[in-house]
S.K.: 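Below is the structure I would like to discuss, written out as structure tokens.
Both counts, for ligands and for their atoms, begin at 1 and track the order of listing. These figures come from a predicted structure and were not determined experimentally.
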Amino acid sequence: MTHHKNANSRIPAVAVLGLGPMGRALAAASLAAGHPTVLWNRSPDKAAPLVARGASVAATPAEAARRASVVLTCVVDYEAARAVVAGLASGSTAMVVNLSSGHAAQARDMASWAAGQGIDYLDGAIVTPAPTIGTPAASILYSGPRALYDRSAIVRESLGAGVYLGADAGTAAAYEMALLDLFTMCVGGLAHAFALAAAEGISPEAFARFARGIGHLLPDMSDRFADQLSTGSFSADVSSIASAGSAIAHVRAAASARDLDTAPLRAVQSIIDRAVAAGYGDDSYARLAQSLSSVGRTVTPIENPA
Ligand SMILES: NC(=O)c1ccc[n+]([C@@H]2O[C@H](COP(=O)([O-])OP(=O)(O)OC[C@H]3O[C@@H](n4cnc5c(N)ncnc54)[C@H](OP(=O)(O)O)[C@@H]3O)[C@@H](O)[C@H]2O)c1
């Protein structure tokens, strides 16, 4: 049987609302760090393996919150998170850390709604996969009141490394969305490349050996984007936008010849074509980010970590 410090010790009790793969990982990390951990999920059966490890179960979100000093919500989106948090008893003194995904405006709306309900609310965004939780590989971003970030320190530390991004509740979600943008587009590129390789009779294993080399280019390329976007100097020291345009035309022809869906390639080509038409063909790839974001919008800069 797992032994936990009792509720009177200084180790705070944690409620985890939402037991998908990420909620279960959060609950497991909380238990492993010795926090009394109370669980609630819309479908109650998912709690069973964690109960076997020492967690308790609450019948409602309100009951879970009453038994904890920090409530972690981790459900599919902000709509579901708000429905869950709306069920907390008005008398609950527990602070809420919402780790569900969504975009910045949703996080800000949730924070002001929570303030109106008298709920102490901190927004968070988990930017590493579930198996990293509770390990040094975890990375979790937070934004909202600094006092709540500090108040949740013991609980946060059991989940993994946290970074505080400032008082604007939307900042963590803004970072998460940009990181998910990078991740999902890379996944799309990977899927398309494996499909094209397969269409040419290349085995997945043989292709993966060479795909690694492309993956290794990303960290340096990302730093170069940051440098060029912040200085506004887009000299094409490596490759130009026009050369990327020729490359993608070759890939489109190859994919068409194999009856492969070319939609993702056409999307990228349209971005390149627009930049070339605007006279940026000789510039570096980083210029593409600038031409994508200058679609007649004004953007209020968000706070950035030091
Ligand atoms: N999995 C990861 O590696 C990962 C990484 C980073 C961020 N995240 C984020 O973490 C959050 C949770 O992700 P997940 O992977 O655990 O699973 P998920 O499939 O995104 O969400 C499943 C959870 O949401 C609950 N849920 C869905 N609709 C609900 C509603 N209307 N009311 C109440 N609960 C509702 C589900 O309850 P039922 O069990 O009853 O269906 C379940 O607990 C998401 O926002 C996700 O983007 C996940």
S.K.: Can you tell me the protein heavy atom closest to atom 9 (C) of ligand 1 and the distance?
M.R.: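 For this ligand atom, the closest protein heavy atom is S101 OG, 3.4 Å.
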
S.K.: Looking at G87 and A62, what are the two nearest heavy atoms and their distance?
M.R.: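 Closest heavy-atom pair between G87 and A62: O-CB, 3.1 Å.
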
S.K.: Geometry only, no angles: is M22 polar-contacting ligand 1 at N/O separations under 3.5 Å?
M.R.: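 Right, the criterion is met.
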
S.K.: Quick one: do the Y121 and N98 side chains pair a donor with an acceptor below 3.5 Å?
M.R.: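 Yes, because at least one side-chain N or O of Y121 sits under 3.5 Å from a partner of the opposite role on N98.
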
S.K.: If we ignore angles and hydrogens, is there a donor and acceptor under 3.5 Å between the side chains of Q290 and R287?
M.R.: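 Yes, R287 and Q290 have a side-chain donor paired with an acceptor closer than 3.5 Å.
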
S.K.: I need the I271 CD1 to I241 CD1 distance, nearest 0.5 Å.
M.R.: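 Spacing of CD1 (I271) from CD1 (I241) equals 10.5 Å.
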
S.K.: Could you tell me the residue and atom name of the protein heavy atom closest to atom 19 (O) of ligand 1, and the distance to it rounded to 0.1 Å?
M.R.: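 The closest heavy atom on the protein side is V76 CG2, 4.6 Å.
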
S.K.: I'd like to check which ligand 1 atoms, numbered from 1 as shown, lie under 4.0 Å from a non-hydrogen atom of G23.
M.R.: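 Numbered from 1, ligand 1 contributes 16 (O).
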
S.K.: For ligand 1, which atoms, with element, lie under 4.0 Å from some heavy atom of V84?
M.R.: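 Here the atoms of ligand 1 in question are 33 (C).
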
S.K.: Give the residue, atom name and distance (to 0.1 Å) of the protein heavy atom nearest atom 44 (C) of ligand 1.
M.R.: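 Protein heavy atom with the smallest distance to atom 44 (C) of ligand 1: V75 O, 3.4 Å.
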
S.K.: Is A83 close enough to touch ligand 1? Criterion: a residue heavy atom under 4.0 Å from a ligand atom.
M.R.: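 No; A83 lies far enough from ligand 1 that no heavy-atom distance drops under 4.0 Å.
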
S.K.: With no hydrogens and no angle check, do the side chains of T37 and S30 hold a donor and an acceptor under 3.5 Å apart?
M.R.: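 Side-chain D/A pair, T37 to S30: present.
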
S.K.: Quick check: does L19 get an N/O under 3.5 Å from an N/O on ligand 1?
M.R.: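 There is such a contact, yes.
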
S.K.: Which protein non-hydrogen atom lies closest to atom 17 (O) of ligand 1, naming both residue and atom, and how far is it?
M.R.: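 Sorting protein heavy atoms by distance from atom 17 (O) of ligand 1 puts P21 CD, 3.6 Å first.
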
S.K.: When you check the side-chain N and O atoms of S233 and Q228, is any donor under 3.5 Å from an acceptor?
M.R.: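 Side chains of S233 and Q228: no pair found under 3.5 Å.
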
S.K.: Taking non-hydrogen atoms only, is V127 closer than 4.0 angstrom to ligand 1 via side chain, backbone, both or neither?
M.R.: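 Under 4.0 Å from ligand 1, V127 contributes no heavy atoms.
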
S.K.: For ligand 1, which atoms have a heavy atom of S100 less than 4.0 angstrom away?
M.R.: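 Heavy-atom distances to S100 below 4.0 Å select 45 (O).
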
S.K.: Under a 3.5 Å threshold, yes or no: a donor from one side chain and an acceptor from the other, between T93 and R66?
M.R.: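 Note: T93 and R66 side chains miss the donor-acceptor criterion.
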
S.K.: Suppose we measure from atom 43 (O) of ligand 1 to each protein heavy atom; which comes out shortest, and what is that distance?
M.R.: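 In this structure, atom 43 (O) of ligand 1 has N41 OD1, 2.7 Å as its nearest protein heavy atom.
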
S.K.: Judged on heavy-atom distance to atom 12 (C) of ligand 1, which of G18, G20, C74 sits nearest?
M.R.: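 Heavy atom nearest to atom 12 (C) of ligand 1 belongs to C74.
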
S.K.: Distance to 0.1 Å, residue and atom name: give those for the protein heavy atom nearest to atom 40 (O) of ligand 1.
M.R.: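 Answer, as residue, atom name and distance: S43 OG, 2.4 Å.
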
S.K.: For V38 and E63, what are the C-alpha separation, side-chain angles and deciding distance, and is it a side-chain contact (heavy atoms from CB on, under 4.5 Å)?
M.R.: CA-CA 9 Å; V38 52; E63 184 195 327; 5.9 Å; no

S.K.: Taking a cutoff of less than 4.0 Å between a non-hydrogen atom of the residue and any ligand atom, is L17 in contact with ligand 1?
M.R.: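 So L17 does not count as touching ligand 1.
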
S.K.: Counting each atom of ligand 1 from 1 as listed, which ones have a heavy atom of T128 under 4.0 Å away?
M.R.: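 Numbered from 1, ligand 1 contributes 5 (C), 6 (C).
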
S.K.: Report the nearest protein non-hydrogen atom to atom 39 (O) of ligand 1: residue, atom name, distance rounded to 0.1 Å.
M.R.: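 Scanning the protein heavy atoms, the shortest distance from atom 39 (O) of ligand 1 goes to K46 NZ, 2.5 Å.
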
S.K.: Return the residue, atom name and 0.1 Å-rounded distance of the protein heavy atom closest to atom 30 (C) of ligand 1.
M.R.: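 Answer for atom 30 (C) of ligand 1: R42 NH1, 3.3 Å.
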
S.K.: Quick one: sort the Y164 and Y149 rings into parallel, tilted or perpendicular, breaks at 30° and 60°.
M.R.: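 Ring orientation of Y164 relative to Y149: tilted.
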
S.K.: Pick, from I126, L179, T73, the option with the minimum heavy-atom distance to atom 7 (C) of ligand 1.
M.R.: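 The residue whose heavy atom sits nearest atom 7 (C) of ligand 1 is I126.
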
S.K.: Can you confirm whether D282 is buried at CG, in the sense that more than 12 heavy atoms of other residues, nucleotides or ligands lie under 6.0 Å from that atom?
M.R.: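 No, not enclosed.
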
S.K.: Within a radius of less than 6.0 Å around CD of E200, do more than 12 heavy atoms belonging to other residues, nucleotides or ligands occur?
M.R.: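 Result for CD/E200: enclosed.
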
S.K.: Taking 4.0 angstrom as the limit and counting only heavy atoms of A130, give me the atoms of ligand 1 inside it, by number and element.
M.R.: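 Result: 2 (C), 3 (O).
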
S.K.: Assess whether ring pair (Phe, Tyr, Trp, His ring centres under 6.0 Å) is satisfied between Y280 and F234, documenting all intermediate values.
M.R.: CA-CA 9 Å; Y280 300 140; F234 298 100; 7.8 Å; no

